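Single-structure report; data block below.
What you see is a predicted model; the values in this text were computed from it and never measured. Numbered from 1 within each chain, the chains take letters A, B, ... in sequence-line order.
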Amino acid sequence: MALEIYNTLTRKKELFTPLEPGYVGMYVCGPTVYSDVHLGNCRTFISFDIIYRYLKYLNYKVRYVRNITDAGHLEGDRDEGDDKFSKMARAQKIEPMEIVQRYTLGFRDVMQLFNTLPPSIEPTATGHISEQIAMTQTIIDNGYAYEKNGTIYFDVEKYNAEKPYGILTNRKLEDLLEGTRDLDGQDEKKGRLDFALWIKAKPEHLMQWPSPWGMGFPGWHIECSAMSSKYLGKQFDLHGGGMDLAATHHTNEIAQNEACFHKSPAQIWMHTNMLTVNGTRMSKSLGNGFLPHELFTGAHALLDKAYSPMTVKFFMLQTHYRSTLDFSNDALQASEKGLKRLWEAYENLQKMQYTLGEINVEIEEKTATLIHGFDESMDDDFNTAKVLANMFEIVPIINSIKDGLMPIGSISQNTFALLQTKMKSYLEDVFGLIPAQESNNNNLANVMELLIDIRKEAKLKKDFATSDKIRNQLSNIGIVVKDEKDGSVSWNIG
RNA sequence: GGUCCUUUAGCCGAGUGGUUAGGCAAAGCUCUGCAAAAGCUUCUACAGCGGUUCGAAUCCGCUAGGGACCUCCA
């Protein structure tokens, strides 16, 4: 089987064939750094991180570009709108770039907590002003944009006469025109759907740059066109982002690229679905967002307790990226327990030594099929949920071997070796899961060894009062002691 | 109003027309000094109505919920 990816453009799964064999160019619309990223934002970037990792796992050489939007795009479509960064800066009396810096670093910290890989290139809008101006100029030269009082608008109706503007989300121009609401400050534009490529700045705007049309700043959509074409070429393989970007931002990106280069930028458009809370989309404007740190500390009205970044990531992996995912305390709780069970089995698996035995054909075949299902599921539009389901079916096999209920030789040496390597590849390399915070403190390990030793002596003397006291009190402070079937004692935090 | 998506057991959620997805919770049993963990077993659902088909959760139509986009938002 080969990788198939759902393409928003064609509304079906397509066989993935890179433009250059062996190489993949992938662009993902990154965050706007004027406030903290919330969990919904994180979901998208975590999803694309898994996709990036899986492409690497398939031995593609991937250039992954994810931008940082740090130059003001307008609030709403109002020409009078304020640059978001300038607005914030005035309120807090600090430089716009201070805000950008703070939230950029915050974003990277959060992404690191989720153990996502940094993109190959993380370009900023403010770092590519000249590219955006050049692209705007070409679009004007090609006749698809016009100037009005220092602002450049893209002429959607003219473009649509030649190419279908609403192609990405399957909409007709007439329908789009009908749906447009009346907003203030529309008079400058020729068409109601026209959007700004470059916006004239007022003197008080803090972020503005010189251009052939006077001082101004770029429209929101042009940055992604400029940066994707610069780093990935006029045509590349994958373009991704949240589903909310498809109708406007990505639609405009396609129009800009077509108007500039006469080419549609990406072969495949991928869109991740929204994270919801009580069935409603988590969004900045609704103010129902969870911030990552609220989750990690449990400081949120809807949460009973804190959840680790890996629990949250695992929770996301149990759903397909194109499905909405509803966020709730119960669901997180279930994920936390599930991940713990899976991870313990995984760690035990890695410690096992194989010895030959009589192969149980049924178990052998089942195990092999489940392992091969990992790749098959991921090849089917990155079905991480199915991979995890397969893993959970393998867990009882691993645990039975560990507890001596089944000889390790019940499965063949090849299958066992494959199991060890595939579980590692998937859990650590593709999913990027890392063990729960392990204590680096040697003292703790030494103290635990001592306590376990004392407890063992107590048990030998049938002094269960003492042995239970040790176990119970450790449990109270969050350390779980387990008597294993082979007589050994294990412990872990949480 | 327009364009779409969605509705799966107590909860969360996969799902290629014909075979028990999976997780969590719950119940029973086994193991254990007692626990915990683990193993085994049980709980077999697809909004409603109609149609296509030998056969539909899966395809088609209608109805009813829910949601997204059409305005900044991953």
Side-chain angles (χ1 to χ4, degrees), chain A residues 11 28-32 34-35 37-48 69 73-78 81 84 166 169-172 174-181 183 193 220 240-249 251 271-276 279-286 289 314-315 318-320 322-328 330-342 344-345 348 373 377 380 383-393 395-400 402-406 459 462 464 467-468 471-472 475 480-485 490 492:
Chain A
R11 293 179 296 288
V28 173
C29 292
T32 304
Y34 69 92
S35 63
V37 287
H38 60 67
L39 232 32
N41 306 123
C42 294
R43 183 190 183 194
T44 292
F45 303 128
I46 288 170
S47 295
F48 283 109
T69 297
H73 52 271
L74 288 171
E75 295 206 63
D77 202 25
R78 278 155 285 163
K84 279 179 175 163
T169 49
N170 194 31
R171 286 171 218 211
K172 297 192 184 84
E174 306 85 74
D175 297 334
L176 286 167
L177 283 166
E178 223 171 273
T180 312
R181 296 174 207 177
L183 294 168
L193 291 171
W220 175 38
M243 232 167 227
D244 51 336
L245 299 182
T248 305
H249 182 55
T251 291
H271 291 99
T272 56
N273 215 322
M274 299 292 105
L275 190 64
T276 61
T280 304
R281 173 185 172 186
M282 191 180 281
S283 78
K284 281 177 189 171
S285 43
L286 284 176
F314 183 77
F315 167 64
Q318 282 183 295
T319 311
H320 193 264
R322 281 191 291 113
S323 300
T324 54
L325 176 59
D326 199 61
F327 205 69
S328 70
D330 287 351
L332 281 169
Q333 187 84 40
S335 291
E336 183 175 72
K337 291 189 179 173
L339 173 60
K340 186 161 186 270
R341 186 166 124 88
L342 178 62
E344 281 182 13
N348 287 324
S377 300
D380 184 14
N383 193 336
T384 55
K386 189 70 170 58
V387 175
L388 290 175
N390 279 18
M391 286 185 179
F392 273 111
E393 288 202 69
V395 164
I397 296 171
I398 295 171
N399 286 339
S400 293
K402 171 179 169 283
D403 288 345
L405 300 171
M406 183 195 293
K459 280 176 69 178
K462 302 240 186 271
F464 296 123
S467 69
D468 286 354
R471 188 176 64 200
N472 293 339
S475 170
V480 179
V481 173
K482 290 191 250 183
D483 294 328
E484 300 290 349
K485 287 217 165 39
S490 69
N492 61 59

Roughly how far apart, to the nearest Å, are [N] and [M] at atom [atom1]?
N	M	atom1	value
B/rA25	B/rC62	P	43 Å
B/rU7	B/rU58	C1'	14 Å
B/rC46	B/rU41	P	24 Å
B/rU16	B/rU32	C1'	45 Å
B/rU44	B/rA57	P	16 Å
B/rU30	B/rG67	P	49 Å
B/rA38	B/rC59	P	37 Å
B/rC12	B/rA26	C1'	15 Å

Quick one: is [N] close enough that its OP1 or OP2 comes under 4.0 Å of any side-chain N or O from [X]?
X	N	answer
A/Asn383	B/rA14	no
A/Ser323	B/rA14	yes
A/Ser47	B/rA74	no

Taking the side chain of [X] as heavy atoms from C-beta outward, which of [options] is closest to it?
X	options	result
A/Ser467	B/rG23, B/rG15, B/rG33	B/rG33
A/Asp175	B/rG2, B/rC72, B/rA74	B/rG2
A/Thr319	B/rA14, B/rA21, B/rG23	B/rA14
A/Thr248	B/rC70, B/rA74, B/rA14	B/rC70

A/Thr272 and A/Thr44: side chain donor to acceptor below 3.5 Å: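 The criterion, which ignores hydrogens and geometry beyond distance, is satisfied for A/Thr44 and A/Thr272.
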
A/Asp326 versus A/Thr276, side-chain donor and acceptor atoms under 3.5 Å: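 Side-chain D/A pair, A/Thr276 to A/Asp326: present.
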
Does [X] reach a base, just sugar-phosphate, or nothing at all? Heavy atoms under 4.0 Å.
X	result
A/His271	nothing
A/Leu339	nothing
A/Arg171	base
A/Gly30	sugar-phosphate
A/Gly241	sugar-phosphate
A/Thr169	sugar-phosphate
A/Met391	nothing
A/Phe464	base

If I take atom [atom1] in residue [X] and atom [atom2] in nucleotide [N], what distance separates them, rounded to the nearest angstrom?
X	N	atom1	atom2	value
A/His320	B/rA21	NE2	C1'	15 Å
A/Asn273	B/rA14	CG	C1'	15 Å
A/Lys386	B/rG22	NZ	P	9 Å
A/Leu325	B/rA68	CG	P	15 Å
A/Glu174	B/rG1	CD	C1'	15 Å

A/Arg43 side chain vs A/Asn273 backbone, donor-acceptor pair below 3.5 Å: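 At least one qualifying donor-acceptor pair exists.
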
Donor-acceptor contact below 3.5 Å, side chain A/Ser377 vs main chain A/Gly373: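 Confirmed, A/Ser377 side chain pairs with A/Gly373 backbone.
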
Over all heavy atoms of both residues, which pair between [X] and [Y] is shortest? Give the atoms and the distance, please.
X	Y	value
A/Pro31	A/Val37	CB-CG1, 4.0 Å
A/Glu484	A/Ser490	OE2-OG, 2.8 Å
A/Gly289	A/Met282	CA-CG, 3.4 Å
A/Phe464	A/Lys459	CE2-O, 4.3 Å

Contact nearer the 5' end of RNA chain B, comparing A/Phe327 with A/Leu388: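 Result: A/Phe327.
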
Residue met sooner reading RNA chain B from 5', once A/Thr280 and A/Asn41 are mapped to nucleotides: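 Of the two residues, A/Thr280 wins.
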
Verdict with reasoning, A/Leu275 to A/Thr324, per side-chain contact (heavy atoms from CB on, under 4.5 Å): CA-CA 6 Å; A/Leu275 190 64; A/Thr324 54; over 6 Å; no

Electrostatic pair A/Lys482:A/Glu344 at N-O distance under 4.0 angstrom: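 Salt bridge present between A/Lys482 and A/Glu344.
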
Might you list the N or O atoms of the protein lying below 3.5 Å from N or O atoms in nucleotides 34-39 of chain B, with each pair's distance?
residue : atom : partner  : partner atom : Å
B/rC34  : O2   : A/Arg471 : NH2          : 2.7
B/rC34  : N3   : A/Arg471 : NH1          : 2.9
B/rC34  : N3   : A/Arg471 : NH2          : 3.1
B/rC34  : N4   : A/Arg471 : NH1          : 3.4
B/rC34  : N4   : A/Asp483 : OD2          : 3.2
B/rA35  : N6   : A/Asp483 : O            : 3.4
B/rA35  : N1   : A/Asp483 : N            : 3.4
B/rA35  : N3   : A/Arg471 : NH1          : 2.9
B/rA36  : N1   : A/Asp483 : O            : 3.3
B/rA37  : N1   : A/Lys485 : NZ           : 3.2
B/rA38  : O3'  : A/Asn399 : ND2          : 2.9
B/rA38  : O2'  : A/Asp403 : OD2          : 2.6
B/rG39  : OP1  : A/Asn399 : ND2          : 3.2
B/rG39  : OP2  : A/Arg341 : NH1          : 3.0

side-chain contact (heavy atoms from CB on, under 4.5 Å) between A/Val395 and A/Arg341, worked out: CA-CA 8 Å; A/Val395 164; A/Arg341 186 166 124 88; 3.9 Å; yes

Approximate separation, where rounding is to 0.5 Å, of A/Ser47 OG and A/His320 NE2: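 The OG atom of A/Ser47 sits 9.0 Å away from the NE2 atom of A/His320.
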
Dot-bracket encoding per residue of RNA chain B, Watson-Crick/G-U cut-off under 3.5 Å, | denoting interstrand: (((((((..(((.....[...))).(((((.......)))))....(((((..]....))))))))))))....

